[in-house]
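In the text below, chain A, chain B and the rest are named by the order of the sequence lines, each starting its count at 1. Computed from heavy atoms alone, side chains included, the values below leave out hydrogens, waters and symmetry copies.
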Amino acid sequence: MQEQLHSTTPVALPDQLTVAASPHEKSRTHVPHLMRDVLIALMPACLFGIFWFGWQAALLCVVSVTTCVAAEYLYQRLLHRPITVRDGSAAVTGLLLAMNLPYTFPLPMLIVGDLFAILVVKQLFGGLGKNIVNPALAARVFLFSSFPAAMAGFPARPGLGSSYADAVATATPLSLLKEGGVTEFSVTDLFFGTTGGCIGEVSALLLLVGGVYLLCRRVITWHIPASYLGTVAILTLLFPRADGRLESMLLELCAGGLMLGAFFMATDYVTSPVTRGGRLLFGALCGAITVLIRYFGAYPEGVSFAILIGNLLVYYLDKFTRPTPFGKRRAKK
Amino acid sequence: MKHSFRGGIHINEHKNTANCPITPLPPPKTVAIPLSQHIGVPCAPLVAVGDYVRKGQPIGRAEGGLFCPIHSSVSGKVIAIRRRQSMHGQALTDIVIENDGADTWHESVLEAEQPTDSLTPEEIIAATEAAGVCGMGGASFPTHAKIRSALGKVDTLLINCAECEPYITANHRLLLESPHDVLRGTLLLLRALGLSRGCLVVEDNKADAILLLRRLCEEGYPAISVEVVRTKYPQGDERQLIYAITRRQLPPGKLPADIGCVVFNAETAAAIYRAAAWHKPLCERIVTVDGDCIREPKNLLVPVGTPFSALIEACGGLCQTPERLVAGGPMMGFAVWGADEPVTKGTSAVLALSDADTDGYLGEHDCIRCGRCVGVCPMHLLPNYIASYTRIGDYEGAAENGAMSCVECGSCAYICPAGIPIVQFVRAAKTVLRQKRS
């Protein structure tokens with residue numbers, strides 16, 4: 001093509017021109033670019049998790065991503081379907097699932113979770129774009145109910161030189177809050193992530209950085225994170241569980257899977273509404289259910305369940321918040 | 001504050017020809033003038049094979065109904081009257097004229113400019129009609145009929161100089177090089193409509209034109225103001241333009257006159273002035289020739305009926321193999337079958353695009369429901385649902401999500417990261433729904 005540009009001999013028209021519907025120009029941002037941006041946005045929190053918890057955390061991430069991509073590839077290969085692993089969505093699912101687990105989680109169970117996410121939740125419903133609930137979240141809940149013992153731990157950072165079997169499982173800030181509102185965790189620790197927890201959930205700050213990256217790159221819009229976090233903030237400010245309204249609110253915002261959920265799980269394209277109003281309602285709904293489960297449910301944390309419940313309502317949220325077409329607004333009754 | 005609207009896309013403007021002056025095309029050897037270049041009844045030929053015609057001579061008109069008369073764009077001999085298929089797929093008649101290169105004007109065209117200050121509204125409309133002026137922005141609606149339909153109903157006259165489509169700079173150059181024709185045409189429209197004030201609407205990417213027009217308006221055209229709108233596609237769409245300036249929303253199926261507005265394209269306004277002052281029919285127009293396959297992009301003054309191939313040749317030919325030729329802008333223009341396609345009154349651009357520009361990334365993915373199409377739709381519809389419902393043949397579902405209100409601006413298909421040809425789905429749904437409802 002470069003040669004053509006610089007040559008002076010005239011170029012002839014081809015025998016056949018493409019005749020297609022307009023537009024004849026397209027944006028250069030495609031699905032793989034969006035998924036790549038999500039992976040980039042997850043990196044700060046993920047790398048911090050690996051730095052904080054050690055190589056076992058890295059192993060979990062790598063195994064999870066590999067299993068998801070391989071499962072999708074093999075499924076599509078066996079069923080003679082177009083291979084879509086290059087779009088990057090399977091890798092995102094794998095990384096999200098790993099980041100949602102404690103670094104002590106056994107690898108065989110992780111692989112079972114990955115297979116559940118990709119094969120059952122995603123592919124059986126028709127693949128990317130057709131799944132009803134978020135595959136990573138559904139798999140997390142699946143693992144949570146199948147292997148509660150492995151999931152329940154809240155492993156602290158392993159001491160230098162200690163093996164991962166020595167990791168001490170402690171109570172989570174959210175379970176302490178649930179039991180009586182006394183917690184020795186500081187908001188600063190939870191914000192910066194210098195605490196125990198799931199690999200990718202510990203550092204609220206770095207998850208925020210990733211979320212801001214997604215917003216700046218216009219991969220996601222502000223509606224869902226803002227209404228999700230806003231609803232949790234307002235509810236926990238009004239009904240504090242710990243001492244001090246503001247501190248209680250900050251504690252609730254930084255603890256558990258809220259940041260990861262609000263920026264990376266609830267904003268999953270496929271399983272969230274497409275309308276602005278729908279997104280605001282969806283975020284508010286997730287926020288309210290999260291707080292209700294945290295306060296009154298059987299579990300200390302409710303982000304996964306809240307988003308999954310929201311996922312099921314997406315079609316109706318879209319339908320009820322369908323915008324009025326331009327020009328139809330001023331219809332007089 | 002700059003006026004705008006909700007939705008739309010910021011798109012690479014490709015305004016490569018903004019500094020290319022309008023140059024006359026070297027006289028084409030033959031022209032093939034279509035007898036239907038407007039919305040309405042096709043014209044019947046007034047000449048026969050072998051007749052000698054002069055530039056500006058009427059060569060086609062219809063017996064009645066909505067039409068624009070057709071004039072010869074060159075002087076020479078009629079060598080054929082042939083039928084062919086138009087780029088829209090309809091049967092069409094062309095009058096083929098061999099150019100003698102003399103460029104002698106028909107006797108009906110005045111040799112000196114006639115003052116237009118004393119023309120009555122009816123005289124202005126009659127001159128517009130006789131000159132065969134139609135909307136030059138692309139839709140090609142007969143202008144005299146538009147003025148008549150707006151008489152007594154409108155309070156706002158807008159001259160559309162937005163030119164929001166990428167590549168096209170024909171209006172921009174017109175505003176810089178012949179601003180008085182546009183402004184005088186606007187005055188004539190004001191008189192015809194009985195209005196006291198009108199306004200030119202320009203996108204803010206044409207700063208030089210805005211400065212020039214503002215100065216001219218202050219000096220000599222107090223009835224005309226210049227309004228600046230933010231550069232965003234599809235700002236030049238009539239509905240978005242009216243909304244940006246007046247905040248009035250045009251209901252689907254209504255005409256702008258129903259909400260008190262009327263919009264004319266800048267080049268149309270200039271054509272109205274030339275029709276009134278010179279009795280000069282609309283038989284040539286400015287065409288932007290651009291695209292990554294054109295060696296030297298240019299703005300050309302082109303006789304109607306000139307084949308695209310002559311325009312491409314005048315721009316130094318092709319520098320790489322194009323994947324498609326487009327008549328009009330890349331967002332709403334039509335891909336044509338071949339370079340024999342003639343320029344019509346509505347052809348604002350001829351683009352030769354390689355597949356790097358059109359981007360062959362199509363339909364590789366299912367919809368991932370990212371909602372970008374919803375965010376950019378200037379009509380506030382749900383394009384992803386329309387496309388999905390149409391794909392499974394549920395046309396009522398498509399209608400429920402607004403298929404019939406779509407203006408086919410292409411913003412959704414442009415932004416779609418899955419490369420889904422959404423506009424094509426919408427058109428399919430519209431066709432079926434229209435058949436069902438009639």
Side-chain angles (χ1 to χ4, degrees), chain A residues 1 4-14 16-35 82 84 86-87 89 126-130 218-221 268-276 278-279 314 318-319 322-331, chain B residues 11-12 166 239 243 249-252 254 293 317-326 330-339 351 353 357-359 361 364-371 374-375 378-382 384-385 401-402 405 408 410 413-419 421 423-424 427:
Chain A
M1 197 171 284
Q4 273 188 358
L5 278 173
H6 294 297
S7 76
T8 46
T9 48
V11 177
L13 271 177
Q16 285 185 321
L17 290 165
T18 303
V19 180
S22 59
H24 309 290
E25 183 142 326
K26 296 218 167 215
S27 142
R28 302 279 170 90
T29 305
H30 304 314
V31 174
H33 302 122
L34 300 174
M35 295 299 167
T84 60
R86 289 169 68 92
D87 65 28
S89 60
L128 179 64
K130 304 283 171 51
R218 294 173 191 240
V219 174
I220 60 172
T221 63
D268 171 30
Y269 290 145
V270 182
T271 56
S272 65
V274 294
T275 64
R276 295 178 182 85
R279 285 175 175 172
V314 161
D318 268 350
K319 197 166 170 160
R322 187 185 293 152
T324 317
F326 184 86
K328 283 200 174 163
R329 187 171 308 172
R330 307 268 148 72
Chain B
I11 181 172
N12 187 343
R239 294 159 197 276
Y243 178 74
Q249 292 198 357
L250 181 58
K254 296 276 186 178
C293 301
L318 299 167
C319 58
Q320 53 177 324
T321 310
E323 187 237 1
R324 58 183 95 182
L325 280 185
V326 178
M331 295 303 290
M332 290 189 76
F334 287 89
V336 300
W337 307 95
L351 306 175
L353 304 173
D357 246 35
T358 51
D359 205 333
Y361 190 91
E364 279 199 30
H365 290 278
D366 286 329
C367 172
I368 59 164
R369 296 179 38 87
C370 67
V374 177
M379 296 302 290
H380 311 167
L381 312 174
L382 300 182
N384 65 319
Y385 279 102
N401 286 290
S405 302
E408 301 178 16
Y414 170 84
I415 206 81
C416 180
V423 176
Q424 206 166 328
R427 285 189 190 148

Novice: Indicate yes or no: at least one non-hydrogen side-chain atom of B/L382 is less than 4.5 angstrom from one of A/P323.
Specialist: yes

Novice: Does a side-chain heavy-atom distance below 4.5 Å link B/P330 with A/P23?
Specialist: no

Novice: Less than 4.5 Å to any heavy atom of chain B: does that hold for the side chain of A/S272, its backbone, both, or neither?
Specialist: backbone

Novice: To the nearest 0.5 Å, what is the distance between OG1 (A/T275) and NE2 (B/H380)?
Specialist: 13.0 Å

Novice: Select, from B/P378, B/G333, B/P166, the one with the greatest count of heavy-atom pairs under 4.5 Å involving chain A.
Specialist: B/G333

Novice: Please find the pair of heavy atoms, one from A/V19 and one from B/W337, that lie closest to each other, and give the distance.
Specialist: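 What the structure gives for the nearest pair is CG2-CE3, 3.7 Å.
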
Novice: If we ignore hydrogens and angles and just use 3.5 Å, is the side chain of A/R276 paired with the main-chain N or O of B/G375 as donor and acceptor?
Specialist: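 Yes; at least one donor-acceptor contact below 3.5 Å.
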
Novice: List the atom of A/A21, the atom of B/Q424, and the distance in Å for their closest heavy-atom pair.
Specialist: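 Looking at all heavy atoms of both residues, the closest pair is CB-OE1, 3.8 Å.
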
Novice: Under a 4.5 Å heavy-atom cut-off, does chain A meet the side chain of B/R427, its backbone, both or neither?
Specialist: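 Answer is side chain: those atoms of B/R427 sit under 4.5 Å from chain A.
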
Novice: What option among B/G402, B/P322, B/A339 has the most heavy-atom pairs under 4.5 Å with chain A?
Specialist: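 Maximum pair count with chain A is reached by B/P322.
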
Novice: Under the side chain to side chain contact (heavy atoms under 4.5 Å, CB included) rule, what do B/Q249 and A/T324 come out as? Steps first, then yes or no, please.
Specialist: CA-CA 12 Å; B/Q249 292 198 357; A/T324 317; over 6 Å; no

Novice: Where is the tightest heavy-atom contact between B/R324 and A/T18, given as atom of each residue plus distance?
Specialist: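 The answer is CB-O, 3.3 Å.
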
Novice: Please flag which part of A/P273 lies under 4.5 Å from any non-hydrogen atom of chain B: side chain, backbone, both or neither.
Specialist: backbone

Novice: With only heavy atoms counted, which part of A/L128 is less than 4.5 Å from chain B, the side chain, the backbone, both or neither?
Specialist: both

Novice: Using non-hydrogen atoms and a 4.5 Å limit, figure out which bit of B/F334 sits close to chain A: side chain, backbone, both or neither.
Specialist: backbone

Novice: What part of B/M332 gets closer than 4.5 Å to chain A, counting heavy atoms only: side chain, backbone, both or neither?
Specialist: backbone

Novice: At their closest point, which heavy atom of A/E25 faces which heavy atom of B/N12, and how far apart are they?
Specialist: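 The answer is OE2-O, 4.2 Å.
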
Novice: What part of B/C370 gets within 4.5 angstrom of chain A, counting heavy atoms only: side chain, backbone, both, or neither?
Specialist: both

Novice: Among the options A/V274, A/L34, A/I220, pick out the one with the most heavy-atom pairs lying under 4.5 Å from chain B.
Specialist: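 The residue among A/V274, A/L34, A/I220 with the greatest pair count is A/V274.
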
Novice: For the OH atom of B/Y414 and the CZ atom of A/R28, what is their distance to the nearest 0.5 Å?
Specialist: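 Here the rounded value is 8.0 Å.
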
Novice: How long is the straight-line distance from CD of B/E323 back to CD of A/Q16, given to the nearest 0.5 Å?
Specialist: 12.0 Å

Novice: If we define contacts as heavy-atom pairs under 4.5 Å, which of B/V423, B/L325, B/L351, B/L381 has the most with chain A?
Specialist: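 Most heavy-atom pairs within the cutoff with chain A belong to B/L325.
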
Novice: Quick check for you: among B/I368, B/I415, B/V374, which has the greatest number of heavy-atom pairs under 4.5 Å with chain A?
Specialist: B/I368

